[in-house]
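For reference, the structure is listed below as structure tokens.
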Amino acid sequence: LKLKKCRISSTQRWTVPMNAPSADADAYRAAARLIAEADYLLITLGAGFSADSGLPTYADDPWAKDGKGYQELCDTRVLLEDPACGYGFWLQSLKRYRSTQPHEGYHILERWVGSRPPSNVWIYTSNVDGHLRRFPALARQLHEVHGCIEDWMCSSSMGYFRCDDDGELCPRSGPLWEAHNEEVALARRQGHTRESCLKMVANPPLDWSPCFETGQPRCSDAEAHGHSSKGARAVTIGEDSPADWSAMPPRCRCGVVLRPSVLMFGDVDAALLERQKARADIYQQWEASVEEALASDSSKSLVVLEIGCGIRVPALRLESEEVVNDSCKRGGRAHLLRVNPERPPPRPELLASDSYLHIREKGLEALRRIDAELKDICEDS
């Protein structure tokens, strides 16, 4: 299905009332026509999209471990306070994500995106499962706003935060962070620079399956972990490997523990935030260029296709709405197609306009029906 060869003429354009949630045939037909005629496509994907593959969402909360829920487990402190629990949670998540096959909706989006110029499409997701990386077209222009569990990094900046506009790093307070930062200081004295750690990206081996025993010593018990009382243990790693995956917890070449490159609750890791900002800046440049193109050419249009973005972590919903609202304020043509079985309303200015269509359905079923409508449009054009 080559969408860009199925352009809709002005006589074919057809609209339905866009101010009420719907899951009827007219809504799918309207969504398909908007997507087919769009010059630019921004796809925002939340946890509800991956849920159709059988993965849990935040609301499902199947992650409970040792009396902790998802939000408590997804915290950098747990990695140091209770490695068996903290790293066990991320290992469990990694195994679940890797063993789950992406649903048909990914393949539909891959086909749509692959038929368009790469510079005209962007994928914006809060999902950390790495499933979008399995599809070449979807991975080309991808911003994983919370990072990805397939990427791990040195945790040497985890105990520091940016304390002023000049970027000065300040240590986090408390015995837990003091012990961790002492490990980092030892690594620095041994010649491992912050710059080398910042560049390091490690991917867990496919057969990585460490055994974390209940009651494993806390990271603050330095001697029990094979550390000197003043810092990180030395590790022996092959020249071509940036990490030691045989250690528990896994360790960077410098001897400091690794962490997932995933933005956790309350995360202030300066190195991780720098990585995320660098990718966000590229996305923001694309967004600005699209808004400028729409403002300067009224014949061009943007569709923001939002799927499975809930209200518990509303950042993606807000981004979708802001992009459409900003584009329309500048005189551009933009539409938000929201696919979600829930009914929380958007900002009032969108609800009152013809730029908003809410399809009350799960992502996979909605994509199947929109795809069928798109095929009909191409056959008729």
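- When hydrophobic side chains of Ile, Leu, Val, Met, Phe, Trp and Tyr are connected at separations under 4.5 Å, Val268 ends up clustered with Phe161.
- Between Glu182 and Arg189 there is a salt bridge, since at least one side-chain N of the basic residue sits less than 4.0 Å from a carboxylate O of the acidic one.
- Relative ring orientation between Trp286 and Tyr40 is described as perpendicular, the plane-to-plane angle rising above 60° on a 0-90° scale split at 30° and 60°.
- Between Tyr106 and His103, the angle of the ring planes lies from 30° to 60°, which puts this pair in the tilted group.
- For the side chain to side chain contact (heavy atoms under 4.5 Å, CB included) with Thr125, the qualifying choice from Thr44, Leu142, Val145 is Leu142, the only one to do so.
- Under the rule for a side-chain hydrogen bond (donor to acceptor under 3.5 Å, both in side chains), Asp326 has no partner lying at least two apart in sequence or in another chain.
- The main-chain N or O of Gly255 is found under 3.5 Å from a side-chain atom of Arg251 such that the two form a donor-acceptor pair.
- The pair Asp151-Arg275 does not count as a salt bridge, with every side-chain nitrogen at least 4.0 angstrom from each carboxylate oxygen.
- Between atom CG of residue Asp376 and atom OH of residue Tyr28 there is a gap of 15.0 Å, rounded to the nearest 0.5 Å.
- A distance below 2.5 Å between sulfur gamma atoms is met by Cys170 and Cys163.
- Taking CE from Met153 and CG from Leu198, the interatomic distance works out to 7.0 Å, rounded to the nearest 0.5 Å.
- To the nearest 0.5 Å, atom CD1 of residue Ile307 and atom CG of residue Leu337 are 9.5 Å apart.
- In this structure, Tyr283 and Tyr124 have tilted ring planes: the angle between them lies in the 30° to 60° band.
- Classification of the Phe135-His107 ring pair by plane angle, with boundaries at 30° and 60°, yields perpendicular.
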